[in-house]
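Residue numbers count from 1 along this sequence. Whatever order the structure lists ligands and atoms in, that order sets their numbers, starting from 1. The structure presented is a predicted model; accordingly, all values stated were derived computationally and were not measured.
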Amino acid sequence: MGEKSILFWLILELSLLSFLGSRCVLAQNPIFACDVASNPALGSLGFCNTSLSVALRAEDLVKRLTLQEKVGFLVNKAAAVSRLGIPSYEWWSEALHGVSYVGPGTKFSPLVPGATSFPQVILTAASFNASLFKAIGKVVSNEARAMHNVGLAGLTFWSPNVNIFRDPRWGRGQETPGEDPLLASTYAAGYVRGLQDADDPEKLKVAACCKHYTAYDLDNWKGFQRFTFNAVVTKQDMDDTFQPPFKSCVIDGNVASVMCSYNQVNGVPSCADSGLLSGTIRGDWNLNGYIVSDCDSVDVLYNSQHYTKTPEDAAAITISAGLDLDCGNFLGQHTLPAIQGGKLNESAVDKAITNNFVVLMRLGFFDGDPRKLPYGGLGPKDVCTKENQELAREAARQGIVLLKNNHNALPLHPTSIKSMAVIGPNANVTKTMIGNYEGTPCNYVTPLQGLSAIVNTVYQPGCTNIACAGNSLQLDPAKQAAAQADATVLVVGADQSIEREGLDRVSLLLPGQQTTLITEVAKAAKGPVILVIMSGGPFDISFAKSSDYISSILWVGYPGEAGGAALADIIFGSYSPSGRLPVTWYPQSFADNVSMADMHMRPNPSTGFPGRTYRFYTGETVYTFGDGLSYTEHTHHLVRAPKQVSIPLEAGHTCYSETCKSVDLAGGHCENLAFDIHLRVKNSGSMPGSHTVFLFSSPPSVHNAPRKHLLGFEKVFLGPKGESNVVFKVDVCKDLSLVDELGNRKVALGSHILHVGDLKHSLTLRI
Ligand SMILES: *[C@@H]1O[C@H](CO)[C@@H](O)[C@H](O)[C@H]1NC(C)=O
Ligand SMILES: *[C@@H]1O[C@H](CO)[C@@H](O)[C@H](O)[C@H]1NC(C)=O
Ligand SMILES: *[C@@H]1O[C@H](CO)[C@@H](O)[C@H](O)[C@H]1NC(C)=O
Ligand SMILES: *[C@@H]1O[C@H](CO)[C@@H](O)[C@H](O)[C@H]1NC(C)=O
Ligand SMILES: *[C@@H]1O[C@H](CO)[C@@H](O)[C@H](O)[C@H]1NC(C)=O
């Protein structure tokens, strides 16, 4: 083609595109089945009949399908059955901390160019505010429904990630609610309810999915790959660390889906483990929903793990184990041959697609045009509203953790700061602030922009990028800026090139020359130096903790689209920090000594393995779980708590005749055995703010019990000199029990030490 004709075609194409583009903006239709309004014949079909129960409707639909058609409903890109008025449905959408473009089921367009981008989950978890977890879920599902109504989003979202953040190096730790099972469980149930809950408890606003089931928390570390990793997990660690968030997600959150992980657990790929899927999730926990594979994980267990001889065996074993939906097309290709080969019965496929259909029916997908149904009024105007964006800023404020504040250097007073040096590779970042599983945000406020809105700033990146290699260091201009400014804010840390899906860290030290940058700039600075760590995972920043040149340290996670505004709110004291660390910050030697592939939670004195997380690790820390300062002081006072609790035992129980260290829960002898702990919390300072009260317990040291574990947390707002009562309900069997080496729940007899702040109270459990 000559140049002229290329130009001609280009112009034609561009005008055609803009024509199509503007048409898209004007009219985009949602995807739904049972469009009775345009095809009245569909009205007589049972599965389209909204007066029937979802179970009957799903049964009716399954009966009408050929085997070939059924197989089309086992994969994320579900096939259309036009003779029944069913369009193709894309199951894969994501909404980890805002509606995301990561799954093919959701996209942004000129009609909805962005959605509210909340902080990455690890920072929201640091708020320790259960109502915030739910409030965010609610806003995200509003925006998701609004986008669904204009054909831009699905109804099934594969979020949240509730794996325990077991090892500080994990690249996906940022996506999770941290290392503690209670916090992760509370987050899971809260966020899922925010996403899913509809007025009618049978219905779903959108369907959430807790992932990745289970013991998945290694991506790619020193040759260990998630696709082939076999997590060797003890029964005890399984039951008191890895399973609780999933259990809470299914039972307390009533989630509509669970996703099985790539890895093997004790030699069995989790998507092929009928004990884990049919036994635990569907049997013990009674999942009302579908089980989906991680993307291509059935393919992975065949092609990468070589777990089965043939692809048909892989299809048969996963569906028989309880898998309902494949993210990928492996089951689309190999299920029919598996049935023809006698490896799988058609009834197993019926069961799987019934689970999938029931969820779509609860979502209203088979009820006709969603614009005429509940949530039908939601549209582009409901995405990125002022209130939603304000909640993103509020969430970041509530999560940001103040780790050091020498001589109360913070908050800064805007009137006394005439100039501020804002330095560092993360000081003016946009996309870094929203972490992974992100969407297009409504807009960004970078740290520099947030601070510049209040005082005059001078900006120096310090390094050209986050890796901060020697040749990218720009030390002199950074030092000069700090030497001349009334205050210096250094924003450093990580981004997705340092920690992400598919990339675990090997070091806990700050990347490249960041430590040099911080140290040199801090020495040169004229005013107070505020160090801001923007990261998902923790760092060994002992040098900064102990440095007299660094007044204050803040950890801001990946703070979301409004991160810079929230940071400024904290630095200038319009909000007192109230976030607490959701993970332990270990020293670098932890990474030198401990293999990431070692799944053990408990220490092993014979090998020198130090254990993991605040519940078991007894070594040195840089910062610990629950650390976090505020601009005021809080005191706790115990009002009322029992000193003794007796567990009634039936006559003849072995513990009558023998001295028992613990009582098995299986007997039912401690049902309804509960008590209250009444506390009084006071803000003794002059600044209003929120404060999280943590109730920890140290059980007697039997059965390798945790040295300490969280029983409850409650965030309260207190005005200057304000006081408040906080009551924790403690259920002896649920909260004070522990899992023994064989995975049985037991109540340890003897002294349980309850701690709240500096307060300690000994509670004796006896029979
Ligand atoms: C829908 O089901 C109800 C309850 O069985 C029945 O009475 C009604 O006739 C059905 N509607 C249609 C259009 O078949
Ligand atoms: C299929 O169903 C039959 C009859 O219930 C049963 O005997 C057989 O074991 C099943 N086959 C498989 C592969 O599950
Ligand atoms: C800071 O980042 C914003 C957003 O990317 C950009 O518009 C602005 O120019 C940057 N400011 C400086 C001083 O580089
Ligand atoms: C790592 O091992 C060294 C040498 O045994 C020890 O001194 C250090 O405390 C260990 N670090 C951790 C975090 O366990
Ligand atoms: C918890 O979060 C909610 C929702 O943002 C907020 O209204 C409430 O004030 C927060 N609670 C405390 C104690 O900060």
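Atom CG in Asn436 sits 7.0 Å away from atom CD in Glu438 (nearest 0.5 Å). Here the CD1 atom belonging to Ile317 is positioned 11.0 Å from the CG atom belonging to Leu344, to the nearest 0.5 angstrom. Rounded to the nearest 0.5 angstrom, Leu567 CG and Thr446 OG1 are separated by 10.0 Å. Tyr558 OH to Ile434 CD1: the interatomic distance, rounded to the nearest 0.5 Å, is 12.0 Å.
In this structure, atom 11 (N) of ligand 3 is in close contact with the protein, since a protein heavy atom lies within 4.0 Å of it. Distance check on atom 5 (O) of ligand 3: some protein heavy atom falls below the 4.0 Å cut-off.
At a 3.5 angstrom cut-off on N or O pairs, Thr446 does not count as close to ligand 3.
Summary of contacts: the protein heavy atom closest to atom 1 (C) of ligand 3 is Asn428 ND2, 1.5 Å. Scanning the protein for heavy atoms near atom 9 (O) of ligand 2, the closest one is Asn345 ND2, 4.8 Å. For atom 3 (C) of ligand 1, the nearest non-hydrogen atom of the protein is Asn49 ND2, 3.6 Å. The single protein non-hydrogen atom nearest to atom 7 (O) of ligand 3 is Gln449 NE2, 4.5 Å, given as residue, atom name and distance. At the top of the distance list for atom 13 (C) of ligand 2, counting protein heavy atoms only, stands Lys343 O, 3.4 Å.
Within a 6.0 Å radius of OH in Tyr549, other residues, nucleotides and ligands contribute 12 heavy atoms or fewer.
For ligand 1, the atoms closer than 4.0 angstrom to any heavy atom of Leu52 are 2 (O), 4 (C), 5 (O). Shown in contact with Gly342 at under 4.0 Å from a heavy atom are these atoms of ligand 2, numbered in order with element: 13 (C). Listed by atom number, the atoms of ligand 1 under 4.0 Å from Gly43 heavy atoms are 13 (C).
Sorted by first then second residue, the disulfide (SG to SG under 2.5 Å) pairs that include residues 338-367, not counting sequence neighbours, number zero.
Considering Val532, Leu123, Ile400 in turn, Leu123 is the only one that fulfils the side-chain contact (heavy atoms from CB on, under 4.5 Å) rule with Trp555.
The pair Glu390-Lys386 does not count as a salt bridge, with every side-chain nitrogen at least 4.0 angstrom from each carboxylate oxygen.
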